[in-house]
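Just below is one structure, and these are the notes that go with it.
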Amino acid sequence: MARRKKIYEGKAKVLYEGPEPGTFVQYFKDDATAFNAEKKDVIEGKGVLNNRLSEFFMIGLETIGVPTHFLKRINMREQLIRQVEIIPLEVIVRNYAAGTMSKRLGLEEGTRLPRPIVEFCYKDDSLGDPLVAEEHIIAFNWATQQDLDDMVALALRVNDFMSGLMYGVGIRLVDFKIEIGRLWDNDFQRLVVADEISPDSCRLWDIETGQKLDKDVFRRDLGSLSDAYTEVARRLGVLPSNATHMPKPTLIN
Ligand code: C5P
């Protein structure tokens, strides 16, 4: 049997050539990394949860008319996606101060922002994904002014959708990151939400208790990451059974 072609391996996912031209298979690994991969671990079941959660969010976005790269889930860890040209920017939307924004501006974590704030970081691990201004993006040709306007609009629609969805299950969407890709139709391009949307790329706090249900649990050693992600999936009804936490066989004497 021929081995399928690996296109790219990232920190949490692998991309393989898809069954048809213009498609990729996106495989979700169990690897967790933080602080630009200075901290690493393998969290059993994380890939399964993120595959399901990302599918759930992307399908939801499609139903409200936000285009994404998602085509269909193939199995527990893989989904079929459209091949897109990733814009080399991380698009971050923040509703409350946390993480690097709190550090940068001296704001207490959890401070409500006057309105959602969209930030851009240049995707380059060797530089630690630095925050950049729209001026840099246009001057260095990473995107056009029109792309930027479209990216902000897309990111704010994702924020409205995700905030509402999370609020409905008692979770505050503090912030999140998305990546955006160009999909070409002859000479015309469409911008679509790409990569993944999962608790790896969002900050999710329980509204009542403030408990963190996202990757900060791993970054800050706050307990079991898979328990946190399973709780998000359970509340959203994404995993009806505890599929990633299969009980270990017990020895009967
Ligand atoms: O670290 P920072 O506060 O800038 O992160 C903002 C949001 O973007 C968080 O939800 C974080 O999980 C996400 N993020 C990400 N990948 C990165 C940087 C940030 O998913 N490389």
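Residue numbers count from 1 along this sequence. Order of listing sets the numbers, starting from 1, for every ligand and every atom in it. The shown structure was predicted, so the numbers you read here are calculated from the model rather than taken from an experiment.
- Side-chain atoms of W205 and Q211 include no donor-acceptor pair closer than 3.5 Å.
- If you check the side chains of N51 and E55, you find no donor sitting under 3.5 Å from an acceptor.
- Every protein residue with a heavy atom nearer than 4.0 Å to ligand 1 is included here: E90, I92, R94, A98, G99, T100, D129, D175, F176, K177, D200, S201, C202, R203, R219.
- Open room surrounds CZ on R190; 12 or fewer heavy atoms of other groups in view lie less than 6.0 Å from it.
- Under 3.5 Å, the side chains of T230 and D227 contain no donor-acceptor pair of N or O atoms.
- Between the side chains of N95 and D175, no donor-acceptor pair is found at a separation under 3.5 Å.
- A side-chain donor from one of D200 and Y229 sits under 3.5 Å from a side-chain acceptor of the other.
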